[in-house]
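So the structure is just underneath, and the comments pick up after that.
Side-chain atoms are counted along with the backbone in the values below, which use heavy atoms only and exclude waters and symmetry mates. Sequence lines set the chain letters: A, B, ... in the order given, protein chains first and strands last, and positions in each chain run from 1.
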Amino acid sequence: MPGWPESLTGPVLEVAPRLLGAVLRHETADGAVAVRLTEVEAYDGPGDPGSHAYKGMTPRNEVMFGPPGRLYVYFTYGMHFCCNIVVGDEGSASAVLLRAGEVVEGLDVARARRPGVTDRDLARGPARLCRTLAIERASNGADLTRPPLTVTPPEQPLSPYVTGPRVGLRLAAERPWRFWLPDEPTVSPYRPAAPLRNRARK
DNA sequence: CTACCGATATTCT
DNA sequence: GAATATCGGTAGA
């Protein structure tokens with residue numbers, strides 16, 4: 001993907017922390033909104049039991065197997081979109097889930113999209129981040145090197161950062177592949193994987 | 001703040 | 001049929 005930064009290409013465990021502090025910007029008809037990333041998670045290709053790529057390519061995850069610098073958007077729990085940045089070389093299917101951020105541009109537009117939501121919560125969580133940026137199915141596979149969706153890395157890598165377990169997985173949840181910036185109020189609250197629900201019939 | 005629970009598309013068994 | 005990279009509402013401490 002010409003124009004995609006070298007610093008954001010390579011092994012996902014190296015690239016993921018470099019995305020902290022990066023700005024993801026989306027231009028739409030109702031205005032542009034940009035978010036500074038404060039929390040991300042690494043998904044390391046077909047060898048990672050927690051990754052959507054674990055069981056090989058499907059219609060949903062095929063963008064993960066493509067070149068770096070594209071956006072992988074998926075629909076989950078029947079109602080939410082979440083997005084990842086593909087960072088591995090073509091075929092490696094590794095990507096970084098964007099879990100949370102802080103709105104740094106278009107705050108009025110963002111508020112209008114999320115009535116009743118506090119500023120802190122606008123992008124505090126992967127599905128909230130997508131809603132606030134108006135990212136949905138149409139953005140799947142988007143080239144992140146040109147509008148309407150762009151990523152700008154920080155001028156220099158932010159440190160220190162913190163690592164910990166990934167959120168919401170049962171498989172390989174213990175791997176400390178979540179990265180976030182300390183003392184950021186927008187980092188999402190930790191929620192363990194949903195317990196197996198006792199859904200007797202109804 | 002924590003705990004529970006419902007909504008419900010896509011994938012996998 | 002059942003799980004899932006989640007969220008928002010409600011109830012309670």
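Atom CZ of A:Arg175 and atom P of C:dA5 are 14 Å apart (whole Å). In this structure, CZ of A:Phe75 is placed 18 Å from P of C:dT4, rounded to the nearest angstrom. Rounded to whole angstrom, the span from the CG atom of A:Leu171 across to the C1' atom of B:dT11 amounts to 14 Å. Taking atom NE2 on A:His80 and atom P on C:dT6, their separation rounds to 9 Å, with Å as the unit. Computed from coordinates, the A:Leu98 CG to C:dA5 P distance equals 16 Å when rounded to whole Å. Atom CZ in A:Arg131 sits about 7 Å away from atom P in C:dG8, given to the nearest Å. Between A:Glu39 atom CD and C:dA5 atom P there is a gap of 16 Å when expressed in whole angstrom units. Across the protein-nucleic acid pair, A:Arg124 atom CZ and B:dC1 atom C1' stand 11 Å apart, rounded to whole Å.
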Step by step, would you call A:Tyr54 with A:Asp48 a side-chain contact (heavy atoms from CB on, under 4.5 Å)?
CA-CA 6 Å; A:Tyr54 183 51; A:Asp48 176 2; 5.9 Å; no
Under the salt bridge (charged side-chain N to carboxylate O under 4.0 Å, His left out) criterion, do A:Asp108 and A:Arg111 qualify, and how do the steps go?
CA-CA 5 Å; A:Asp108 50 346; A:Arg111 286 170 175 156; over 6 Å; no
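With B:dA9, C:dA5, B:dC12 as the choices, the nucleotide that has an atom nearest any side-chain atom of A:Thr58 turns out to be B:dC12. Nearest nucleotide to the A:Arg120 side chain, out of C:dC7, C:dT4, B:dC1: B:dC1. For A:Asn84, the side-chain atoms get nearest to C:dA5 when compared with the rest of C:dA5, B:dT11, B:dT13. Of the candidate nucleotides C:dA5, C:dC7, B:dC12, C:dA5 has the atom nearest to the side chain of A:Ser51. In this structure, of C:dC7, C:dT4, C:dA5, it is C:dA5 that holds the atom nearest to the side chain of A:Leu97. Listed nucleotides C:dT4, C:dT6, B:dT10 differ in distance to A:Arg60; the shortest reach to its side chain belongs to B:dT10. For A:Leu169, the listed nucleotide lying nearest its side chain is C:dA5; candidates were C:dA5, C:dT4, C:dC7. Distance from the side chain of A:Met79 is smallest to B:dT8 among B:dT10, C:dA3, B:dT8. Which of C:dA5, C:dG8, C:dT6 sits closest to the side chain of A:Tyr72 comes down to C:dA5.
A:Tyr43 qualifies as a stacking partner of the C:dA5 base, centre to centre under 5.5 Å and near-parallel within 30°.
At least one side-chain nitrogen or oxygen of A:His52 sits closer than 4.0 Å to the OP1 or OP2 atom of C:dA5. Contact annotation: A:Arg99 side-chain N/O to C:dT6 OP1/OP2 distance is under 4.0 Å. For B:dT10, the OP1/OP2 oxygens have a side-chain nitrogen or oxygen of A:Arg137 closer than 4.0 Å. Side-chain N/O atoms of A:Arg128 include one lying less than 4.0 angstrom from OP1 or OP2 on C:dG8.
A:Arg175 and A:Thr163 are not linked by any side-chain donor-acceptor pair at a separation below 3.5 angstrom, with hydrogens and angles left out of the test.
Counted within 6.0 Å of CZ on A:Phe75, heavy atoms from surrounding residues, nucleotides or ligands total more than 12; the atom is thus considered enclosed. Within a 6.0 Å sphere centred on CD of A:Glu174, heavy atoms belonging to other residues, nucleotides or ligands number more than 12.
Residue contacts for A:Gly50: at a heavy-atom cut-off of 4.0 Å it reaches a base atom on one of the strands shown. Among the heavy atoms of the strands, none lies under 4.0 Å from A:Arg166. Contact annotation for A:Met64: base contact, defined as any heavy-atom pair under 4.0 Å involving a base atom.
Within the 4.5 Å cutoff, no side-chain heavy atoms of A:Arg36 are placed close to those of A:Pro154.
Between the side chain of A:Tyr74 and the base of C:dA5, at least one donor-acceptor pair of N or O atoms lies under 3.5 Å.
Using Watson-Crick or G-U wobble geometry with both donor-acceptor distances under 3.5 Å, B:dA9 finds its partner in C:dT4.
Considering OH of A:Tyr74 and CG of A:Asn61, their distance stands at 12.0 Å, rounded to 0.5 Å.
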